[in-house]
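First comes the structure, then the notes that go with it.
In the text below, chain A, chain B and the rest are named by the order of the sequence lines, each starting its count at 1. Model, not experiment: these values are computed from the prediction.
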There are 2 protein chains.
Amino acid sequence: MRESAVKDRILGTASRLFYDQGYHVTGINQIIEEADIARASLYNHFPSKTDLLLAYLDQTHKEWFMALDAYLFPLAEPRDKILALFDYRIQRQRRLKYKGCHFNKITAETCEDEQVFRRVKMHKERFRQYIRDLVAQTQHHSSLDDEMLTDALFLLLEGGIAVGAMFRSSDDAEKAKLIAEFFL
Amino acid sequence: MRESAVKDRILGTASRLFYDQGYHVTGINQIIEEADIARASLYNHFPSKTDLLLAYLDQTHKEWFMALDAYLFPLAEPRDKILALFDYRIQRQRRLKYKGCHFNKITAETCEDEQVFRRVKMHKERFRQYIRDLVAQTQHHSSLDDEMLTDALFLLLEGGIAVGAMFRSSDDAEKAKLIAEFFL
DNA sequence: GGCAAAGTAGACAGACTTGTCTATTTTATG
DNA sequence: CATAAAATAGACAAGTCTGTCTACTTTGCC
């Protein structure tokens, strides 16, 4: 039997609230209410609020890369794929009302939890590797070597999204894309 | 008469805790305890926790630019000043244990407060302007125009610090500096 | 139909939260 | 020295938080 619909609704609601409002200001009571499920159901599926947080991070990580793969799939040229990385994140931010990167947000909120920290690092390192693989397939006319180009693209992307959150805008991510085009 | 030492101790303790642990997990009780002052003293100087937050942001903004000015003051060449921007932030992050930008952190925590939002935007826009002024004084051999170079530097800096917070490291900010040197 | 699993409703404990208030003591200054 | 301002200790209200528990109802499956 598939995962219960109740569990999905709990995690979905919690994820939305954790991202939109923040983890610490989101209470179990609010999750219960908005997901319209019983208190015991939540604690049956997730023994603690921390477990819910970790499930949120795992789920977000998984969904994030699946959506990215789907977004880049139609494109043939590695260079186009790299530029589409910017579009992917810009569109996503537009949909999410410019609240920034999920993993950046949770890092800013929960400083000490090692399990959270590990997931954040894993997600970002994997994204950097994703870029590295695309760069390796591209013949760019940049004076930077592949590794530095990878870092430049990664930092422009992360910077663009982070600044975008502070300005509630995609302007900086768009600028980041324009700058990236100069390298490629 | 100068501002009371008690007020300074309240704001100093609150600032440290807001940054280190996060705003929402820091309670008034903890601030009182660690600052070693009376409850009524806190509410006498700061009518609410939100006022304390705004004072924290104002104070941080002010101190941030003063320390930056002091850091760049000995340098003559605009190009050196630009590169020193990276060093300034790297050293600061090392001292702060790589918890990232104060304004990025508070943005991630408090989404809706317009007064917070305004201060964050103001701080970042002023920093961008700071870079823009330095770029205008530099004769760089970049194919990017002044405005794009400004954005590139700004985004590399912000990206480097944000990523550094997620990895608890200054590696990415160091890389950002190396990339920036190619432009200049 | 029967039976176990899953879900529900809601009370409850114990601790924490922000902010107010009173009463007292310390400090600074004319 | 006197007087006003500032700081203190601590009780208190009213609400929130997470997590546990009991009792009941619905659901799915053999």
Side-chain angles (χ1 to χ4, degrees), chain A residues 1-59 105-106 108-116, chain B residues 1-59 105-106 108-116:
Chain A
M1 178 191 173
R2 69 179 251 280
E3 287 279 299
S4 88
V6 168
K7 184 168 185 178
D8 287 349
R9 214 158 65 239
I10 296 169
L11 184 53
T13 303
S15 297
R16 175 174 55 81
L17 294 172
F18 288 169
Y19 181 71
D20 284 352
Q21 315 182 334
Y23 172 70
H24 283 113
V25 295
T26 301
I28 298 288
N29 295 330
Q30 190 184 7
I31 297 170
I32 287 166
E33 172 133 9
E34 296 203 15
D36 197 36
I37 50 96
R39 184 172 206 77
S41 298
L42 188 148
Y43 281 100
N44 180 43
H45 289 292
F46 304 97
S48 75
K49 195 183 171 186
T50 301
D51 289 278
L52 200 43
L53 171 59
L54 298 180
Y56 154 66
L57 293 176
D58 289 340
Q59 157 84 12
K105 278 200 85 173
I106 204 65
E109 264 200 280
T110 74
C111 301
E112 303 305 325
D113 192 311
E114 203 56 40
Q115 294 185 285
V116 171
Chain B
M1 177 194 171
R2 69 180 253 280
E3 286 279 298
S4 88
V6 168
K7 184 169 184 177
D8 287 349
R9 213 158 67 240
I10 295 169
L11 185 52
T13 304
S15 297
R16 176 174 53 80
L17 293 173
F18 288 168
Y19 180 70
D20 284 351
Q21 318 180 332
Y23 172 70
H24 284 113
V25 296
T26 301
I28 298 288
N29 295 329
Q30 190 184 6
I31 297 169
I32 287 166
E33 172 135 8
E34 297 202 16
D36 198 35
I37 51 95
R39 183 171 208 77
S41 299
L42 188 147
Y43 280 102
N44 180 44
H45 288 292
F46 304 97
S48 74
K49 194 184 171 186
T50 300
D51 290 280
L52 200 41
L53 171 60
L54 298 179
Y56 154 65
L57 293 176
D58 289 340
Q59 156 85 11
K105 279 201 84 173
I106 204 63
E109 266 201 279
T110 75
C111 302
E112 305 305 325
D113 192 311
E114 204 57 38
Q115 294 184 286
V116 171

Going 5' to 3' along nucleotides 7-19 of chain C, which nucleotides have protein heavy atoms under 4.0 Å from the base (write B), which only from the sugar-phosphate (write S), and which from neither (write -)? SBB-B-----SBB

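Put simply, CG on A:Leu52 is 10 Å from P on D:dT18, counting in whole angstrom units.
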Do any side-chain atoms of residues 39-50 of chain A form donor-acceptor pairs under 3.5 angstrom with protein atoms, and if so which ones, sequence neighbours left out?
unit_1  : atom_1 : unit_2  : atom_2 : d
A:Arg39 : NH1    : A:Asn29 : OD1    : 2.8
A:Arg39 : NH2    : A:Asn29 : OD1    : 3.4
A:Ser48 : OG     : A:Thr50 : N      : 3.3
A:Ser48 : OG     : A:Asp51 : N      : 3.3
A:Ser48 : OG     : A:Asp51 : OD2    : 2.7
A:Lys49 : NZ     : A:Tyr23 : O      : 3.1
A:Lys49 : NZ     : A:Thr26 : O      : 2.8

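Put simply, the side chain of A:Glu109 never gets that close to the backbone of A:Gly22: no donor and acceptor are under 3.5 Å apart.
In this structure, CD1 on A:Ile106 lies 4.5 Å from CG on A:Leu53, to the nearest 0.5 angstrom. Distance CD1/A:Ile37 to CG/A:Asp8: 12.0 Å, rounded to 0.5 Å.
Residues from residues 12-20 of chain B placing a heavy atom under 4.0 Å of any atom in DNA chain C do not occur.
Within the structure, salt bridge (charged side-chain N to carboxylate O under 4.0 Å, His left out) contacts touching residues 14-29 of chain B (residues at least two apart or in different chains) are B:Arg16-B:Glu34, B:Asp20-B:Lys99.
For A:Glu33, there are no salt bridge (charged side-chain N to carboxylate O under 4.0 Å, His left out) partners two or more places apart in sequence or in a different chain. For the salt bridge (charged side-chain N to carboxylate O under 4.0 Å, His left out) test, no residue two or more places apart in sequence or in another chain qualifies with B:Arg9. For B:Asp113, the salt bridge (charged side-chain N to carboxylate O under 4.0 Å, His left out) criterion is met by no residue, not counting sequence neighbours.
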